[in-house]
Amino acid sequence: MKDFFNKETLDNIKQFCAENKKYVGVAGVLVGLILILIVVVAGGNNGRQSNTEAGSQTEISVKDFEFEKDYTNDAKDVISTLLADYYKAYVGDDLDTLGKLATPMSDNEKSYIGVVSQYYESVNDITPYTKNGLKKGTYFVSVKNSIKFTGVDTQAPTLDFFYIETDKDGKLFINNVYSNFNRTYCENELDDDIMELISKYTASSEFADLHEEVQKAYEQAVGSDANLKTMLETTLTGAIKQWYTSSGIANLKKSDADTQTTEADTQQADDASQSSDQQTTDANAGQTTDQQTTDANAGQTTDQQTTDANAGQTTDTNAANQQTAEQPQAPAEYQVVTKDVVKVRDGASTDAKELGLLKEQVTLTAYGTEGDWTIVSYSAGTNGRAYIKTENLQTVGQ
């Protein structure tokens, strides 16, 4: 535009106007309007181009991203169908279908599903709660459901989590890297950004409210049906324990951020009458090794008392601490209340996976302590168990 209106061109226009004055009056007005229009349009296009460029350079970082407070109905029907198909395939141990709906899925996870699903009769009342992720077409989904176990009348309320993405063809699928299984055993590498977003999601008050609702229903269900309690704490736990031992997954190298996965994660609550120390069976000697350890050479109990090989005398291991009285044992199962808003983790460590937050004055069933942590009933935890710092809890009745 600038080159078009050079000096020579302008001189020619002036000469034409001088020779044709009577014709150019109206035409001059039209030309002026046209020129003004050209300038305005060009300016508008330049403005839009600048805005587009500025918009393309403005990307929200993971650190600055905040989930919307309200759950969304975006893709609600498609997500509901996806989840219904997933649970149906899970219960039926239909690994081919599962592999299409949730990917990737390791051989170890497939074998785990094969063990667990044999106790499932159905998954009912599937209700998704969805929030849009940072990237378009990604969804963070909490799913309330009720598991009907074979031979058990009462259903177990649970709360699952799924990270759902959209593939290149526009079809939704479950990114199974962020399944509870892989976030526990870390067979596939976890993206730090997505894990940070998951932490933000589970730290929200909306998630805390949803979990509290499910947790109360879970506690009530387990407390009202002894068969359900046995299924969850003995039958299912025993099956997972056996799977864990035979699968070899215990030898997998865990990431520094998720080192809490140990054999104890799958051996909790073998029996409600066990002590709060969560006793572990020694597979070689068949003896309880949490409170006492069998001396393979002498066959004597060495945890609470040690046999003096030279004198055959028994010495109290507490003598070194000059303690003469036996310490009272915590009950096998008791109630605790949160003293403040607390973080719930999947292991007895601040590096363990964060499962969510609980509000103040939430009552939980506890099963003892592990170091500075209390083991509590928590539906989103491994086998319905999780860990909270003991200092943040108050034992009911004390």
Side-chain angles (χ1 to χ4, degrees), residues 62 65 79 82-83 85-87 89-91 93-117 128 130-131 133-143 158-169 171-203 207 240-241 243-266 344-347 349-356 380-383 385-386:
V62 172
F65 177 77
I79 290 175
L82 173 64
L83 294 171
D85 292 343
Y86 172 87
Y87 284 117
Y90 196 105
V91 171
D93 193 22
D94 184 353
L95 299 179
D96 290 337
T97 299
L98 277 176
K100 296 174 183 177
L101 301 173
T103 185
M105 185 172 289
S106 69
D107 289 340
N108 279 321
E109 184 170 6
K110 290 177 180 178
S111 68
Y112 174 88
I113 292 171
V115 169
V116 173
S117 63
T130 304
K131 290 196 175 186
L134 174 59
K135 295 182 179 179
K136 184 178 180 181
T138 62
Y139 305 94
F140 291 72
V141 186
S142 295
V143 185
T158 60
L159 185 66
D160 290 331
F161 169 80
F162 295 93
Y163 177 61
I164 296 177
E165 293 185 334
T166 305
D167 65 18
K168 61 181 180 179
D169 297 322
K171 186 176 181 180
L172 296 185
F173 71 97
I174 297 168
N175 187 333
N176 210 47
V177 170
Y178 303 97
S179 66
N180 285 336
F181 184 92
N182 191 63
R183 283 187 291 138
T184 299
Y185 297 110
C186 295
E187 290 189 283
N188 294 297
E189 186 176 357
L190 300 165
D191 181 85
D192 290 340
D193 285 345
I194 296 178
M195 289 301 295
E196 183 175 346
L197 290 172
I198 292 175
S199 294
K200 282 190 174 186
Y201 175 81
T202 56
F207 180 85
I240 293 173
K241 174 183 173 181
W243 164 84
Y244 183 90
T245 303
S246 61
S247 69
I249 199 170
N251 297 322
L252 289 175
K253 183 179 180 180
K254 311 300 187 301
S255 68
D256 292 338
D258 202 10
T259 57
Q260 80 278 6
T261 303
T262 64
E263 187 169 359
D265 290 332
T266 56
V344 185
R345 297 188 180 276
D346 201 31
S349 167
T350 54
D351 292 330
K353 179 179 66 178
E354 185 179 324
L355 299 175
T382 303
N383 301 327
R385 298 290 183 271

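Throughout, numbering of the chain's residues begins at 1 and tracks the sequence. A quick note: this is a predicted structure, and the numbers were derived from the prediction, not measured.
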Looking at [atom1] of [X] and [atom2] of [Y], how far apart are the two atoms once the value is rounded to the nearest 0.5 Å?
X	Y	atom1	atom2	answer
Ile198	Asp193	CD1	CG	11.5 Å
Leu101	Lys171	CG	NZ	7.5 Å
Asp94	Lys100	CG	NZ	8.5 Å
Arg183	Glu354	CZ	CD	11.0 Å

Heavy-atom pair with the smallest gap, counting every atom of [X] and [Y]:
X	Y	result
Met105	Lys110	O-CE, 3.6 Å
Tyr178	Ile194	OH-CD1, 3.4 Å
Thr202	Phe207	O-CD2, 3.2 Å
Leu83	Pro128	CD1-CB, 3.7 Å
Glu189	Val177	O-CG1, 3.4 Å

Determine whether a donor-acceptor pair (N or O, by modelled atom type, separation under 3.5 Å) exists between the side chain of Ser111 and the backbone of Asn108.
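Answer holds: yes.
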How are the rings of Phe161 and Tyr201 set to each other: parallel, tilted or perpendicular (split at 30° and 60°)?
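Phe161 vs Tyr201 ring planes: tilted.
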Indicate the ring-plane relationship of Phe162 and Tyr86, choosing parallel, tilted or perpendicular according to the 30° and 60° boundaries.
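Phe162 and Tyr86: perpendicular rings.
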Show, in sequence, the C-alpha distance, side-chain angles and deciding distance for Leu197 and Tyr163, and conclude whether the side-chain contact (heavy atoms from CB on, under 4.5 Å) test is met.
CA-CA 10 Å; Leu197 290 172; Tyr163 177 61; 5.8 Å; no
Among all residues two or more places apart in sequence or in another chain, which pass the side chain to side chain donor-acceptor pair (under 3.5 Å) test with Lys131?
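Expected list: Glu206.
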With sequence neighbours excluded, tell me which residues meet side chain to side chain donor-acceptor pair (under 3.5 Å) with Ser106.
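Scan of Ser106 (side chain to side chain donor-acceptor pair (under 3.5 Å), adjacent residues dropped) gives Glu187.
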Between Thr184 and Asp346, is there a side-chain heavy-atom distance shorter than 4.5 Å?
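Yes; the side chains approach each other to less than 4.5 Å.
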Check whether any side-chain heavy atom of Ser247 sits under 4.5 Å from a side-chain heavy atom of Tyr112, and report yes or no.
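Ser247 vs Tyr112: side chains apart.
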Looking at Asp167, I want to see if its CG is surrounded by more than 12 non-hydrogen atoms of other residues, nucleotides or ligands under 6.0 Å.
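It does: Asp167 CG has more than 12 such atoms within range.
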Testing Asn176, Asn180, Asn182 one by one against Glu109 for a side chain to side chain donor-acceptor pair (under 3.5 Å), which residue passes?
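Exactly one pass, corresponding to Asn176.
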Quick one: side chains of residues 133-141, donor-acceptor pairs under 3.5 Å with protein atoms, not counting sequence neighbours, listed by atom name and distance.
residue : atom : partner : partner atom : Å
Thr138  : OG1  : Lys135  : O            : 2.6

Working for side-chain contact (heavy atoms from CB on, under 4.5 Å), residues Leu172 and Ile79:
CA-CA 8 Å; Leu172 296 185; Ile79 290 175; 3.7 Å; yes
